[in-house]
Amino acid sequence: MRDDLCPSIIQTIGETPLVELARINRNMDGRILAKLENLNPGYSKKDRIARQIIEDAEAAWELRPGQTVVELTSGNTGTGLAIVCAVRGYPFVAVMSKGNSSERARMMAALGAEVVLVAQAPGSVPGQVSGADLERVEQETERIVHERKAFRADQFTRQGNVRAHYLHTGPEILRQAQHQIHAFCDFVGTGGTFAGCSRALKEADPQTQCYVVEPVGAAVLAGEPSSRPNHRIQGGGYSMPALAFLNRELVDGYLQVSDDDAIRAARRLAKEEGIFAGFSSGANLAAALQLLAGRHRGQTIAIIICDSGLKYLSTDLWA
Ligand SMILES: Cc1ncc(COP(=O)(O)O)c(C=O)c1O
């Protein structure tokens, strides 16, 4: 955390603490270190990519002063963009599935964003955003970009997504852990966090093992069929077999986590460590526990705490 005067909230993004989960690890052989991205100003890791994508676009003259910015978002990237756009003076439109929790839409609107909610596909369940739901959000996003001659932030393809984690999140973890990281596992949405952190960690030590985390029943990156696309782990597991950022050379293995495992782990983070996080952070912890119980026994594993538990108060995560 910075101790000097910041010219705006944008300078408070990143440099989050890395915390050892010493209570959860008490009866295990090894350590899990958690990067508290829930402490960013928009309460998620996506503030980092919002800043990077906008700064990169400004530097490349791809974004004109006052031009509208549009993004397809499950809420977190949109919140980051709403913050950065508010400070930099860009109107921002967030396009989101109705299946995501309502807190996110309300927070973006509070930050000045125009929020467009897209109805889910027939048969989809609120709280469970599927690939078919995302396809609908994609069509609406493209329509709005075209209509308003807007800049699409496009977290699935813009390199700023990976660069934010390659330039900052990964190096911060290495510095804070004094380079003592044996493995890293991450629940994949766009794959930006996985790719950026894994590249930074492997450049520092090529022996570091990096694992993609997916929902049970939607492990398409591992090459399995998607039998249960409507899982509950919001922010990823979209059953998209081809992700622009997922360079397979960075992947040492694939792990699967059930909804129940993710929920149980998120509750443990809150009750045992005082870390109030969401479903995907629980998925990352559940996957790291698998690694500590198996091939990484006795070693140190880094995970990301992706966002705040406050974003799920309307769900039964905290029932
Ligand atoms: C809560 C949450 N967890 C995990 C992810 C996945 O992160 P990435 O897109 O970097 O793979 C996202 C992405 O939106 C997210 O919002």
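Every number for a ligand or one of its atoms is a count from 1 in the order of the listing. Residue numbers run from 1 in the order of the sequence given.
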Are the side chains of F187 and I304 in touch, meaning some heavy atoms are under 4.5 Å apart?
-> no

What residue pairs, at least two apart or across chains, pass side-chain hydrogen bond (donor to acceptor under 3.5 Å, both in side chains) with a residue in residues 76-85?
-> N76-D307, N76-K311, T77-Q155

Show me the short polar-atom pairs for ligand 1: any N or O of it lying under 3.5 Å from a protein N or O, with distances only.
from	atom 1	to	atom 2	distance (Å)
ligand 1	3 (N)	S280	OG	2.6
ligand 1	7 (O)	K45	NZ	2.8
ligand 1	9 (O)	K46	NZ	2.7
ligand 1	9 (O)	T190	N	2.8
ligand 1	9 (O)	T190	OG1	2.6
ligand 1	10 (O)	T193	N	3.0
ligand 1	10 (O)	T193	OG1	2.5
ligand 1	11 (O)	G189	N	2.7
ligand 1	11 (O)	T190	N	3.2
ligand 1	11 (O)	G191	N	2.8
ligand 1	16 (O)	N76	ND2	2.9

Passing candidate, side-chain hydrogen bond (donor to acceptor under 3.5 Å, both in side chains) with E37, options K45, R48, K46 = R48

Answer yes or no: are there more than 12 heavy-atom neighbours, outside R106 itself, under 6.0 Å from its atom CZ?
-> no

Is there a side-chain contact between I303 and L33 (heavy atoms, below 4.5 Å)?
-> no

Side chain to side chain, V212 and D186, heavy atoms closer than 4.5 Å = no

